[in-house]
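See below for the structure under consideration.
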Amino acid sequence: METLTREEMEKIQLERLKETVNRVYEKVLPYRQKMIEAGVSPEDIKTLADLSRLPFVTKQDLRDNYPFGLFAVPKEELIRIHASSGTTGKPTVVGYTEGDMQVWTECVSRIAAAGGAKATDVAQICFGYGMFTGALGLHYGLENIGATIVPSSTGNSEKQIMYMKDFETSLLVATPSYALRLAEVAREMGVDPKKDLSVKIALVGSELLTDAMREEMHKWWGDDVLVTSNYGMSELMGPGVSGECEYTAGMHINEDFFIPEIINPETGEVLPAGEWGELVITCIKKEALPLIRYRTKDITRLIYEPCKCGRTTCRMENLSGRSDDMLKIRGVNVFPSQIEEVVLSVEGLGPHYEIIVEREGYNDKLTVRVELAVATDSFRDLERIEKAVRGKLKIMLGLDAKVQLESPNTLARFEGKAKRVKDLRKK
Ligand code: ZN
């Protein structure tokens, strides 16, 4: 399925799309209402281009139909329920039939294999187990490949390092920020991640992996470690929507299960291949919760050129951010990932930082707190670093920022998704 020609793939996609649209029209009342309002019926879907005639689905639709209102199967057919932690209000609930679990396992197996996973690997899963789809998703996929799973979850980092050493963990699953934290803890324990541990593969997800962050991963874990990012979200299934291969040139989308589109987030208009915009995904092989044209809020672009690995599936560029995460500071659009890029490019700084946005009168004030890699009292060094960060931020964002250097080990560390932005303007 990963090496079909475009024509073969599109044939499968169209068949599955028609089937899915028919089914949700029949079985899911809110969908039928949306389609009637948009003046489109299942018979109107004759080609893949007709997909753009269908209405979008958003997280709000899931919330409005909490918990099971968008499901296309009766509750008895579900064998698993997950939920994403909503920071405000109700979480979004997702469910899986037995068939969905098989598809999910298949999808994750593919992205894990693309990232180098093998049956001989010892895979330590340092994602939080629970309602979050990340841990169990990777768990089933890697187990299906035949890897030995160490379901260590998050927390108790010293014990994590002990397992890693004693079990000779070769594959690590974590967020990029927790992977760095684990390397830091290892060093504090006198364990050198490069020499004393056996990790050769890192499957990172649930957080942006910027190029600078990938370099940082190599710095701490070793140049020979294959660090690949993968993508998914619970609403669509969990991890397994797409993942990088060993060429790390964009994430291969499992296109026989998910049709990607890129839209202009402001107008909703579909953009031509190659352009940056918001990713919209249609699930075409899901039974319980087949979301159609789901707006992910993630900003990326699609690459259809064949990949060196031989897979012909479309790739999505590593995310440049979520439209949700974008900060508007003094009228300028700022992605936290841009600030990260600057911070990680300056010598003498560690990978830990915090972004604070405040309002003084009518003016937005941006402060970037960054941790030094090594403690220093040298005023010259501190001045050089502070100036470098401020200068690069000015070039990158066109904004003046206050840069605050902190001693090593003072900023917060994260076991799951890092929370590095404090926007105090909202309060
Ligand atoms: Zn590839």
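Start at 1 with the first residue, then count along the sequence. Since the model is a prediction, treat every value here as computed from it, not as a measurement.
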Practice task
Go through the side-chain N and O atoms of Glu317 and Thr300 and say whether any donor and acceptor fall under 3.5 Å apart.
Solution key: no
Handout entry: Gap separating the CD1 atom of Ile329 from the CZ atom of Arg359, nearest 0.5 angstrom
Key = 10.5 Å
Practice task
For the residue pair Met35 and Tyr25, establish whether any side-chain heavy-atom pair is separated by less than 4.5 Å.
Solution key: yes
Problem - Within-4.5 Å side-chain heavy-atom neighbours: Leu209 and Val227 - result: yes
Practice task
For Ser198 and Ser170, indicate whether the former's side chain and the latter's backbone hold a donor-acceptor pair under 3.5 Å.
Solution key: no
Problem - Identified salt bridge (charged side-chain N to carboxylate O under 4.0 Å, His left out) counterpart of Glu358 within the set Arg425, Lys402, Lys365, Arg330 - result: Lys365
Practice task
Step by step, work out the side chain to side chain contact (heavy atoms under 4.5 Å, CB included) result for Ile12 and Met1.
Solution key: CA-CA 10 Å; Ile12 293 170; Met1 297 311 277; 3.5 Å; yes
Practice task
Mind running side chain to side chain donor-acceptor pair (under 3.5 Å) on Thr296 and Glu278 for me, showing each step along the way?
Solution key: CA-CA 7 Å; Thr296 65; Glu278 181 184 336; 5.0 Å; no
Problem - Close side-chain approach of Leu171 to Gln124, heavy-atom, < 4.5 Å - result: no
Fill in the blank from the handout: Closest heavy-atom pair, Ile145 versus Ala117, reported as atoms and distance to 0.1 Å, is CD1-CB, 4.1 Å
Exercise for the section: Taking the side chain as every heavy atom from C-beta outward, state whether Asn264 and Thr267 have any atom pair closer than 4.5 Å. Expected result: yes
Problem - No-hydrogen, no-angle side-chain donor-acceptor test under 3.5 Å, Asn318 and Ser229 - result: yes
Practice task
Could you tell me whether the side chains of Glu244 and Thr228 share a donor-acceptor contact shorter than 3.5 Å?
Solution key: no
Problem - Heavy-atom side-chain contact between Arg301 and Glu275 under 4.5 Å - result: no
Problem - Side-chain donor-acceptor pair present, Gln160, Ser152, cut-off under 3.5 Å - result: yes
Fill in the blank from the handout: Test side chain to side chain contact (heavy atoms under 4.5 Å, CB included), reference Ser337, set Asp325, Leu208, Ile299, output is Leu208
Exercise for the section: Using a 4.5 Å cut-off on heavy atoms from C-beta on, say whether the side chain of Ser153 contacts that of Ile125. Expected result: no
Handout entry: Residue pair Ser84 / Thr92, side-chain donor-acceptor N/O under 3.5 Å
Key = yes
Exercise for the section: Applying side chain to side chain contact (heavy atoms under 4.5 Å, CB included), run through Leu62 and Tyr294 and close with a yes or a no. Expected result: CA-CA 10 Å; Leu62 282 160; Tyr294 186 69; 4.0 Å; yes
Completion exercise
To the nearest 0.5 Å, atom CG of Leu226 lies from atom CE of Met217 at 10.5 Å
Exercise for the section: Carefully, step by step, assess Val225 and Ile201 under the rule side chain to side chain contact (heavy atoms under 4.5 Å, CB included). Expected result: CA-CA 5 Å; Val225 174; Ile201 293 170; 5.8 Å; no
Exercise for the section: Examine the side chains of Ser157 and Tyr178 and answer whether a donor and an acceptor come within less than 3.5 Å of each other. Expected result: yes
Fill in the blank from the handout: With sequence neighbours left out, the residues meeting side-chain contact (heavy atoms from CB on, under 4.5 Å) with Arg413 are Arg181, Glu184, His352, Glu371, Asn409, Leu411
Problem - Flag for His252-Ser242: side-chain donor and acceptor within less than 3.5 Å - result: no
Exercise for the section: Answer yes or no: is there a side-chain heavy-atom contact under 4.5 Å between Thr169 and Leu197? Expected result: no
Problem - Ring centre gap for Phe127 and His139 strictly below 6.0 Å - result: no
Problem - Flag side-chain contact, heavy atom, 4.5 Å: Leu236 against Leu289 - result: no
Exercise for the section: For the residue pair Glu406 and Gln404, confirm or rule out a side-chain donor-acceptor distance under 3.5 Å. Expected result: yes
Exercise for the section: Please round to the nearest 0.5 Å and tell me the distance separating atom CD of Glu347 and atom CG of Leu344. Expected result: 13.0 Å
Fill in the blank from the handout: CD (Glu340) and CG (Asp211) are apart, to the nearest 0.5 Å, by 10.0 Å
Handout entry: No-hydrogen, no-angle side-chain donor-acceptor test under 3.5 Å, Glu26 and Asn22
Key = no
Handout entry: Pair Met233-Asp298, side chain to side chain contact (heavy atoms under 4.5 Å, CB included): steps then yes or no
Key = CA-CA 11 Å; Met233 55 174 59; Asp298 286 317; 3.4 Å; yes
Exercise for the section: For the pair Glu216 and Lys219, evaluate salt bridge (charged side-chain N to carboxylate O under 4.0 Å, His left out) and give the outcome as yes or no after the intermediate values. Expected result: CA-CA 5 Å; Glu216 202 66 29; Lys219 207 155 94 194; 3.5 Å; yes
Practice task
Compute the centroid of each ring, for Tyr140 and then for Trp104, and state whether the two points are separated by less than 6.0 Å.
Solution key: no
Handout entry: Candidate pair Asp400 and Lys394, rule salt bridge (charged side-chain N to carboxylate O under 4.0 Å, His left out), full reasoning
Key = CA-CA 6 Å; Asp400 287 311; Lys394 175 88 183 169; 3.6 Å; yes
Practice task
Ignoring hydrogens and angles, state whether a donor on the side chain of Glu261 or Ser52 is under 3.5 Å from an acceptor on the partner side chain.
Solution key: no
Problem - Nearest heavy atoms of Thr105 and Asn144, plus distance in Å - result: CG2-CB, 3.5 Å
